[in-house]
Structures are given as structure tokens and as C-alpha cells.
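Below is one structure; the comments refer to it alone.
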Amino acid sequence: MSDLAIDVRGLRKTFGSKVAVDGVDIAIPKGEVWGFLGPNGSGKTTTIRMLCGLLRPDAGEGTCLGFDFRTQSEQIKRETGYMTQRFSFWEDLSIRENLEFVARVYQLPKRRARVAATLERLGLVKRQRQLAGSLSGGWKQRLALAACMLHEPQLLLLDEPTAGVDPQARRDFWEEIHALSARGITVLVSTHYMDEAERCDRIVYILNSRVIARGTVAEVIARSGLTTFVMEGEGVRHLLEELRNAPGVDLAAFFGAALHVSGTNRSALERALAPYRGRPGLNVHEAPVSLEDVFIHLQREVHS
Amino acid sequence: MKHFSLARAFAVLVKEFIQMGRDPLTFAMIVGIPLVQLVLFGYAINLNPKNLPTAISIDDPGTFARSLTAALHNSGYFDIVEETNSPAEARRLLSEGRVSFVIEVPVNFTRDIIRGEKPQLLVEADATDPSASSYALAAFSELASAALRDDLVGSLAVRAPKAPPFELVVHRLYNPESVTQYNVVPGLLGVILTMTMVLITSLAVTRERERGTYENLLAMPATPLEIMFGKIAPYVAVGYVQVTLILLAGLYIFGVPMLGSLTLLSVALALFIIANLAVGYTFSTVAENQLQAMQMTFFFFLPSILLSGFMFPFDGMPVWAQWIGDVLPLTHFLRIVRGIMLKANGWAEIWPNMWPLIIFMSAACGIALMRFRRTLD
Ligand SMILES: Nc1ncnc2c1ncn2[C@@H]1O[C@H](COP(=O)(O)OP(=O)(O)OP(=O)(O)O)[C@@H](O)[C@H]1O
Ligand SMILES: [Mg+2]
């Protein structure tokens, strides 16, 4: 058996004439945490659904956990925890009943103890009889996450698990993810948060149904060829419009009081910034390129 | 790997049970539909027979004819609108629909009774609406003997006990093959089950799809057979609850007897209930939303109620309609349930209608399973 938890090639899915996923390859070694990024409608959810057998791919081959993902989805399901993007537990069941249902369907031994432990960990012991539908959005996410990990799966496919979750809970979540990864569990997590992308071993960036960037965060940034300068100080607020259209500047945006200006052609960028250097009260210096700048740049490049 | 796991099916079953208990609509449907239908049809059975217009033709001046007239009037069933001494006149009123009954007291009625000669008492009934007339008819013979018993005192008391001192002759006109009101309650049993069982499961999968929980269910290792079992089994229990309600109401409100074997009825019920649940389940795998599911249920319900022999006598329907009727489970169930309840039919008599039910049930379950989509597309 290979040491890849997910190894699929040429994934393709169309809905009518609309291509949702086209030629996606993903190979995740066991025990790694990968981030799945891309703008809305780029095909993340569709890809994840194909991996766990919920959508039939039009083309593509490969394995999940050593099972053929097209024909052996029953076996894959048993070892996989899939958290849907939209809350999909039963709102007319209580928190406890939802967890018990999951435990029964997976035929877990020591059901009561396991459910009790999960409730304890979630801090929901007191509210266990509350209907899931009456939970707040963030608590629903936390319940869903706990429920899809109840059967201790080998592979976690998480579709925007932290959308709407508060910072403390998000940090707890990532701590748990890294603890699981240390135990050899593989995680593919889709997200729109840059800080979460940076917590992943590797990221896959999908745009218009194709993967257009992949690797560690550092690799993706380096490969983008972008350079970023930061301008701070007096009068910087008035500079955005003129710089945005200056030759050599691909991106210009404020981060707090600082204007970040990026471009792929370093010398052209330096030329565009030259007139501002040395202005009194204005500070121009090079800064590390942010992942967000890279993604926005990729998105623009494809659209133009 | 593909084996059936009772534990997983049980998981789905428990979940369904809890959800059923929490859904006021489902609950209202389970209790409400039988109740409403029974009341609606019960009215037709119970209230119409009262005050039926009656003509009485009396050729006999004796006291017994008088007592009889008074007793009929007091019973509330008969409203004597015409008293005549011409049988022909009375019959004309019947044919014109002005009266529902004609009662003919023959010449020398009183004298013959006293002599113990058992004279004939003729009752003619307009049986076009059999459920209306049959209650009154059923009451008539009892009424007549009771009325006369009060007159047969003293030396005549020897004529009073046991059998009525006259011979009752009943002619049902216009609909001699009359269906009695007893047919209605067993028929309702089938109709109510068809409606509620199909409707309940037609929403079972559609609702999950609408709420997005279907994706979660499919991502878990439960197989289509386990899901179907778990979603159908609770409603089999619901079906039996409904049956109990209807049978008790039938017995205590309308006096419909249960002559045959309850065990046999339970077996037939199981087949019929599962067949309908499977039909509903098939609908729910096809329907995109709950509205569509309900429409499909309605389109199944309509021919069931019209072509099964519930509304119209089966033998009176055109051949093409009988073909359709023969395919519907309700048609066969009606014959079975009427046979068991009213004629105490045994296994041998109901078998000709059992095997079509078995075939229908198996086919419906098979189609439901095949139609179940394991994926979201
Ligand atoms: N069942 C479906 N039928 C038709 N089109 C679909 C279906 N599911 C997805 N699509 C289309 O496929 C494309 C990819 O959708 P997908 O949900 O995979 O995007 P996503 O990357 O998950 O987006 P988001 O970040 O908003 O969740 C979209 O254009 C969407 O409209
Ligand atoms: Mg998505």
C-alpha cells in the first residue's frame, strides 16, 4: 500500500454544460494537513464530494486510503470523516441524539462513553438535550466537526469547517487538527482564511475548476514572482489611485495605514516607486509577499 | 461488505422515530386523517338513515297495523309521509323518489297473527343509496316484532316470544346487489392507509434532501437497503396504530363486526402497509421537493380510491378501468379485508387476492431500492 492517503489524477466533473472541476490532481501523503483554497464557485466542494463518493466523476482515476475512489466508496466512507460546507446534521434531533446516531451508524463500541466524552470535550454536556437546530452558527460548526470525527477516521475531508467560528474555537480546532496529524491522520481542509492556509503543510489553489498553484506556502509565494513594497506615513492615503494605474504595479491595497504595492516585474515596480522615495515623512520599504496578494494576483491574471 | 447490518438499519429507525415524535404535522396526519375520514363517512352512515320518507299502505283495519305505524314513527328512522290503502299508489311514490320505503300491511294481518299463521309483511326499499337504507332496514325487523310484542299480551302472549309472528319480506329495488354500510369501514381502512402511508414515506427522503441532511446520510456507511428499512419500519408500526383506531371506531361507533381472524388480517395488513410505504419511498427518491412528493401521492391516491371498488362497484367498471384497478394494491386489499371482517374468510378464500399483493409489494420495494440515489447527482 502506498503512503499516499489521497492519490487522484485527472478529476473532472461537469453539471450539464458547466465544467465544475477539470483535470484536478491531488496527492496527499499520509499524516499531512493540506489546505484547499480558491474563490467561490471554483470547484472545491465538488472535488471533495467526488473524493468521498458523493458525486460520480466524469473522468479521473486514483485512490483514497488505498481504495479506488470510483468503485470502493463504501470502504472509503467507513474510514473517512466528511464535514459538509452547509450544516447537515439533523436540526430536529438534540445534540446528543445526533452524536448517538452517528455512533450507531458507524457501529462504534462503547457508544455511551464515546458520546459522553465528545460532549465533554465540546463543553456541551449541559446543553446535550437542546435541539441542534437551535444552536448558534458557530456551535453548529463545532458540533458537526466533532460528529464527523467521532468514529476516529483515517482521513478528514473538511469543507470550510471554521466558517463563522470564533478565534478561540478556531485556534482550538487547529490544535486538534495538528494533534490528529501527529497521530498519522490525513486532513484536507478547504478554507478562505489565509492564516489557516499558513497552518497547512501544503496548499492547493484551485481557480475556475483547475489547480493553478500548489506546494508549501513559501513555494507558492516564491513561484508567484511577486515583490511587495510597503509605503507608510504622510499623505499615503492619496497615493492609492495613482499607484494602482502606474506601469509596473499589479496590485495596490491598504493594510491598516500601510499601502502594499506589488508587482511581478521588480525593476518596473522600483521605477514606479522611485518618485516617492525620499519624500519627507513617507517611508517606502520592501516587505514579505503575503499569500493573499498572491491569490488576488493569480485571480486577476486569469481574468485578464 | 455489502451485507445488511441490522445495527445500522436500527440507527436509522431510532432517528426516524424521534423525528416523527417531534414533527407535529406527521403526528397530526397519523391521527387526524383517520379521524376526519371516519367522521366524514360516518356522517353518511349514521345520520342519513334517520327520518327516511316512508309510505305505508294498510289493507288491514286491525290494531297491530296501528302499533306498527306508531313504532316506526317513534324509531326515528322512518318518517311516514303517506298513508294509503292502495299498494299501487305507494309504489308510485317510491318510483318517483318521493319516498325511500314502502311498507305493505296485507289484508287480515292482525287476524293472521292472532291465528299464528305468520302473515307476510312486505318492505320495499329504494336501494340506490344502499348505505342510507340498510340501517333502517336492519332496524325494521327488530322494531316490528317489538311493537307487536307489546300488543300480544294475555292469552295471546304465547305468540310473543322468540321469532317474530310474521314473515318479513324485503325487496331492494334499483340496486339489488346492494353494498351495505359495513363495506364502508373496512374500505376506509384501506383508503386511509393508502393515503397516509404513501404520503409519509414520500416525504421521508425528499425532506432529507431539502434540508441538506441527505449529503451527510450518504457520506455515512449505511447502505440503501438499511436506510430504506430504517425509514419504513417505524411507519409499519404507525400503520398498525391507525388500523387499531379505525377498527375500534368501526366497532364502537358504527357497530361493524370483525368476524374473521385477526392474525390473518394482520398478515394481509403487513403486506399492504409495506407495499404502500414502498410506493411512497419510490416517490421520495424521484421527487425534487416535498410539493412534488405530495403531488405524486395524490396521483396515486386518486385511481386507488376511484378504481379499486371503494367508490364504485368493481364489476360495474369498464374493462380498461378494471385492468388498472387490478394492478392497485387497494383493490385486492379491499376484497381481503371485507372478506375477513364480514365473511370470516380464511386463508384459502383470500389467497387469490394475496398473491397480487405480494407481487406488488415486492416490485414496489425493488423499484424503491433501485431508484435510491447513492450520490448527489
Ligand atoms: N449540483 C450542482 N448542479 C449544478 N451546478 C453545480 C452543482 N454543484 C456545484 N455546481 C457548480 O459547480 C461550480 C463549483 O461549485 P463548488 O460548490 O464546487 O464551488 P466551491 O469552490 O466549493 O465554492 P465555495 O467557496 O463558494 O464553497 C459552481 O459554478 C457551481 O455553480
Ligand atoms: Mg464549497
Side-chain angles (χ1 to χ4, degrees), chain A residues 13-16 20 45-46 48-58 67 70-94 96-109 111 131-133 144 147-148 150-151 153 157 159, chain B residues 1-28 200 203-231 233-234 285 288 290 369 372-377:
Chain A
K13 180 72 189 175
T14 54
F15 294 106
T45 299
T46 308
I48 293 177
R49 282 177 175 165
M50 283 192 278
L51 292 177
C52 56
L54 293 179
L55 285 175
R56 249 182 274 277
D58 296 327
F67 299 111
R70 290 164 307 177
T71 57
Q72 295 179 293
S73 55
E74 295 306 316
Q75 288 93 321
I76 296 172
K77 281 175 188 174
R78 234 173 281 260
E79 299 290 333
T80 302
Y82 167 47
M83 177 172 163
T84 56
Q85 181 171 358
R86 176 183 162 193
F87 182 71
S88 63
F89 281 86
W90 288 267
E91 302 209 339
D92 49 354
L93 294 186
S94 71
R96 186 192 188 90
E97 285 158 357
N98 267 301
L99 292 173
E100 290 197 327
F101 173 66
V102 175
R104 280 204 180 96
V105 168
Y106 285 98
Q107 296 169 280
L108 303 180
R111 189 178 77 238
L131 293 190
C148 81
L150 196 65
H151 63 293
L157 301 171
D159 201 354
Chain B
M1 254 354 207
K2 276 276 155 74
H3 75 286
F4 179 83
S5 152
L6 207 60
R8 285 197 297 257
F10 182 71
V12 181
L13 184 147
V14 170
K15 165 183 151 310
E16 266 334 278
F17 249 124
I18 299 174
Q19 289 183 298
M20 180 169 74
R22 297 238 164 92
D23 183 9
L25 201 74
T26 311
F27 209 73
I200 283 177
L203 301 178
V205 179
T206 324
R207 198 187 289 139
E208 301 253 3
R209 202 174 298 132
E210 261 184 23
R211 294 183 184 170
T213 52
Y214 193 56
E215 182 171 7
N216 208 340
L217 194 60
L218 287 186
M220 293 179 188
T223 64
L225 185 62
E226 289 155 5
I227 295 176
M228 181 162 120
F229 180 89
K231 278 190 169 288
T285 60
E288 291 294 332
Q290 297 195 40
L369 263 185
F372 187 86
R373 287 177 255 173
R374 288 154 191 264
T375 58
L376 296 167
D377 49 359

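Quick caveat, the model's predicted, so the values are computed rather than measured. Lettering follows sequence order; numbering is per chain, from 1.
A side chain to side chain donor-acceptor pair (under 3.5 Å) with A:D92 is found for one member of B:Q19, B:K15, B:R22 and no other, namely B:Q19.
Ranked by non-hydrogen atom pairs under 4.5 Å with chain B, the options A:K77, A:K13, A:M83 are led by A:K77. The residue among A:F101, A:Y82, A:W90 with the most heavy atom pairs within less than 4.5 Å of chain B is A:W90. Per-residue heavy-atom pair counts under 4.5 Å with chain A were compared for B:A222, B:A9, B:S5, and the maximum is reached by B:S5. By number of non-hydrogen pairs under 4.5 angstrom with chain B, the leading residue of A:V102, A:T84, A:V105 is A:V105. Looking only at heavy-atom pairs under 4.5 Å with chain A, the residue among B:I18, B:L217, B:T213 that has the most is B:T213.
Using a distance-only test at 3.5 Å, with no hydrogens or angles considered, no donor-acceptor pair links the side chain of B:R209 to the main chain of B:L376. The backbone N or O of A:Q107 sits nowhere less than 3.5 Å from a side-chain atom of B:R8 that would complete a donor-acceptor pair. No donor-acceptor pair under 3.5 Å is formed between the side chain of A:Q75 and the backbone N or O of A:F67.
A:I76 does not touch chain B: none of its heavy atoms, backbone or side chain, sits under 4.5 Å away. At a 4.5 Å heavy-atom cutoff, the contact between A:R56 and chain B is made by backbone and side-chain atoms alike.
Ring-plane geometry between A:Y106 and A:H151 is classed as parallel, the angle between the planes falling under 30 degrees on a 0 to 90 degree scale with a further cut at 60.
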Handout entry: side-chain contact (heavy atoms from CB on, under 4.5 Å) assessment of B:R207 paired with B:D23
Key = CA-CA 12 Å; B:R207 198 187 289 139; B:D23 183 9; 3.7 Å; yes
